[in-house]
Asks: 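Input: one structure, supplied below.
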Amino acid sequence: MEPASLTWVLVSAALVLFMTPGLAFFYGGMDRGRNVLNMLMMNLYCVLIIPVVWMVLGYSLSQGGSGNWIGNFDWFFLKDIGVLEDNGGQLATIAFLGMFAAITPALISGAVADRMKFSAWAIFVPVWSLLVYVPVFKWVYGGWLGDRGSLDFAGGTAIHVNAGIAALAAVLVLGKRKGWPQEGHPPHSMPLVMIGTGILWFGWFGFNAGSSLAASGQAAQAFMNTFLAAAAAGLVWVITEWLRDGKPTNLGAASGIVSGLVAITPAAGYVSGGAPLAIGGIAGLVCCYAVKLKSKAGYDDALDVVGVHLVGGLVGSLLIGFFANPEFFDGSFGEGLFYGGGAGLLGEQALANLAAMVWSFIITFGIMLVLKKTIGVRVSPQDEADGLDYSQHAESAYH
Amino acid sequence: MKLITAIIKPFKLDEVKEALKAAGVTGMTVSEVRGFGRQGGHSETYRGAEYKIDFVPKVRFEIVVDDNVVESVIASIKAAASTGKIGDGKIWVTSVDRLVRIRTGEEGSSAI
Amino acid sequence: MKLITAIIKPFKLDDVKDALKAIGVQGITVSEVRGFGRQGGHSETYRGAEYKIDFVPKVQLELVVDDEAVRTAVDAIKAAASTGKIGDGKIWITSVDRIVRIRTGEEGADAI
């Protein structure tokens with residue numbers, strides 16, 4: 001890897017690491033004041049356990065060898081990965097990808113908020129990472145889905161759709177929070193949510209533009225797309241709720257920004273021009289309605305992981321089928337419908353997301369069921385009432 | 001007129017509020033307070049050091065009511081706030097000499 | 001001696017404090033509380049879901065005064081806290097059996 005690219009990948013890796021505490025604040029502010037530390041800890045735990053899992057086994061199983069479905073043990077404990085050849089490029093890439101591996105299960109924490117036993121979460125995260133994240137990542141990047149021609153620039157399918165559908169499976173096993181939906185669960189600290197949103201947006205430039213794995217024009221376009229899609233989505237969400245509910249809200253703007261970032265993630269290195277505005281705008285509109293699904297369908301996805309990450313990821317991933325423009329990037333990927341490519345790419349996008357969703361849903365449901373039957377996944381009603389900060393961690397956020 | 005003051009567990013706030021509304025109480029003031037009774041606080045752990053937190057979070061209700069509804073209001077609070085566990089809280093009643101509604105200047109029962 | 005308790009709109013705190021100082025009240029305790037009366041709270045919207053917030057922010061003032069100062073103090077609070085709109089708050093008065101200044105041990109009117 002040449003020095004400029006190496007530098008950019010390392011900086012991007014640090015930016016992506018910062019997203020996990022950003023996500024923690026984003027979720028923590030939306031939580032109740034008596035559960036905020038538990039939320040921060042669920043997220044922080046992901047950057048404690050996943051780097052270990054990734055170094056020992058995850059990277060090798062997701063990127064080793066040339067298999068279609070799963071990697072191998074060639075890089076077990078990062079064996080044989082040197083820094084003399086390639087200027088340390090592979091090591092930088094492993095670190096960068098490790099950050100992605102860490103934030104993906106963290107996304108699920110927003111759905112299970114306020115009621116999951118921390119001990120169950122502690123087991124869920126590494127198991128989910130190896131059984132769900134690793135294989136889906138392999139299928140998309142170097143496995144059968146990628147080989148068929150589906151596109152996922154920075155992790156729309158592999159990360160957001162994957163975590164979003166897993167969140168749905170998890171809450172179906174876990175059950176509803178006490179008092180939901182009749183009792184309101186409004187955010188306890190909107191300023192915390194806004195700090196988290198800012199950190200997420202900042203870090204997302206590394207997430208998307210770093211995914212070129214090069215200091216290149218494609219990275220610059222991915223950066224611009226990340227900038228524009230988030231703005232467009234935030235704008236559209238705010239306008240939509242202003243017309244629909246009467247007021248423009250901070251949480252609407254923050255949620256719109258995140259939905260736009262999610263949607264542009266799979267497309268960031270494949271689209272240009274006005275496409276990020278369209279992708280972000282559509283995501284803002286669709287997600288603004290999608291977060292209402294949970295009360296209609298009756299699943300308690302506490303902080304809208306399904307409505308924002310699953311739906312936003314699907315919107316962005318499918319829109320690649322319309323907006324992908326290989327000519328602009330001098331790239332060797334399929335053309336979207338608007339660039340004369342026919343429906344082939346759209347079909348591959350649909351298939352890739354369907355495959356990821358089926359696997360992720362079934363395996364996540366299974367992991368949660370096993371945890372439920374063994375150590376239990378849910379805190380006692382008394383602990384839930386007292387708050388998870390005290391019952392799970394013996395701490396309290398506000399004295 | 002009486003002032004009913006109740007100290008309850010914070011998570012019982014909504015239940016007590018609904019019980020009071022159901023009992024016909026039209027106004028109330030709550031504050032976040034800290035206190036302990038027989039349960040004597042709890043322990044929190046920071047960097048391995050255990051801290052005894054004597055004052056645990058509680059919610060205080062204050063309601064001014066007519067004398068003739070005091071018993072039923074106390075019964076409502078008791079029923080809604082009770083978990084049967086230590087730390088459920090207390091209710092006390094004091095006499096109110098005078099009550100004024102600020103906006104209209106009404107006094108006495110009509111100001112409740 | 002009487003304890004005057006007033007629940008007012010938070011933005012009226014400075015006006016009420018100044019009015020009380022102007023009539024010679026030397027000490028006031030305030031706390032941030034939440035409450036509702038006839039105005040019955042308000043609604044907030046998060047991600048399109050409307051939440052009824054019954055308890056809206058209020059400020060509680062507590063002051064102990066001599067019996068003869070009660071009327072002027074109540075009048076001062078009423079005049080300063082009133083906006084004429086619903087939700088202006090309430091004032092109630094309870095009897096104080098004993099008061100002690102902690103530093104000097106003075107009791108009664110001297111301790112006010």
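We name chains A, B, ... by the order of the sequence lines, and we start the count at 1 in each one.
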Asks: If you count heavy-atom pairs under 4.5 Å with chain B, which of Gly35(C), Gly89(C), Ser82(C) comes out on top?
Replies: Gly89(C)

Asks: Sort out for me which of Asp14(B), Thr104(B), Ile112(B), Leu99(B) touches chain C most, counting heavy-atom pairs under 4.5 Å.
Replies: Leu99(B)

Asks: Is the count of non-hydrogen atoms from other residues, nucleotides or ligands lying under 6.0 Å from Lys52(C) atom NZ greater than 12?
Replies: yes

Asks: Which one of Ile77(C), Thr5(C), Ile86(C) has the most heavy-atom pairs closer than 4.5 Å to chain B?
Replies: Ile86(C)

Asks: Which one wins on heavy-atom pair count under 4.5 Å against chain B: Ile93(C), Val33(C), Asp88(C)?
Replies: Ile93(C)

Asks: Shortest non-hydrogen contact from Trp92(C) to Val96(B)?
Replies: CB-CG1, 3.7 Å

Asks: Can you say whether Phe55(C) sits under 4.5 Å from chain B via the side chain, the backbone, both, or neither, judging by heavy atoms?
Replies: side chain

Asks: Between Lys90(C) and Ala111(B) (side chain of the first, backbone of the second, donor and acceptor by atom type, cut-off under 3.5 Å), is there such a pair?
Replies: yes

Asks: Check this for me: Arg101(C), atom CZ, are more than 12 non-hydrogen atoms of other residues, nucleotides or ligands nearer than 6.0 Å?
Replies: yes

Asks: Using non-hydrogen atoms only, which part of Lys2(C) is less than 4.5 Å away from chain B: side chain, backbone, both, or neither?
Replies: side chain

Asks: First locate atom CD1 of Ile91(C), then atom CZ of Arg98(B), and finally report the distance between them rounded to the nearest 0.5 Å.
Replies: 7.5 Å

Asks: Assess the side chains of Thr94(C) and Asp97(B): does a donor N or O sit below 3.5 Å from an acceptor N or O?
Replies: no

Asks: Side chain from CB out, backbone as N, CA, C, O: work out which of these in Leu13(B) comes under 4.5 Å of a heavy atom of chain C, or both, or neither.
Replies: side chain

Asks: Name the region of Val64(B), side chain, backbone, both or neither, that has any atom closer than 4.5 Å to a heavy atom of chain C.
Replies: side chain

Asks: Quick one: do Lys21(B) and Asp54(C) make a salt bridge, cutoff under 4.0 Å?
Replies: yes

Asks: What residue, out of Glu106(B), Met28(B), Glu62(B), has the most heavy-atom pairs lying under 4.5 Å from chain C?
Replies: Met28(B)

Asks: Looking only at heavy atoms, what is the nearest atom pair of Ser31(B) and Glu32(C), with distance?
Replies: CB-O, 4.4 Å

Asks: Would you say that Val100(B) contacts Lys78(C) through its side chain, given a criterion of any heavy-atom pair below 4.5 Å between the two side chains?
Replies: yes

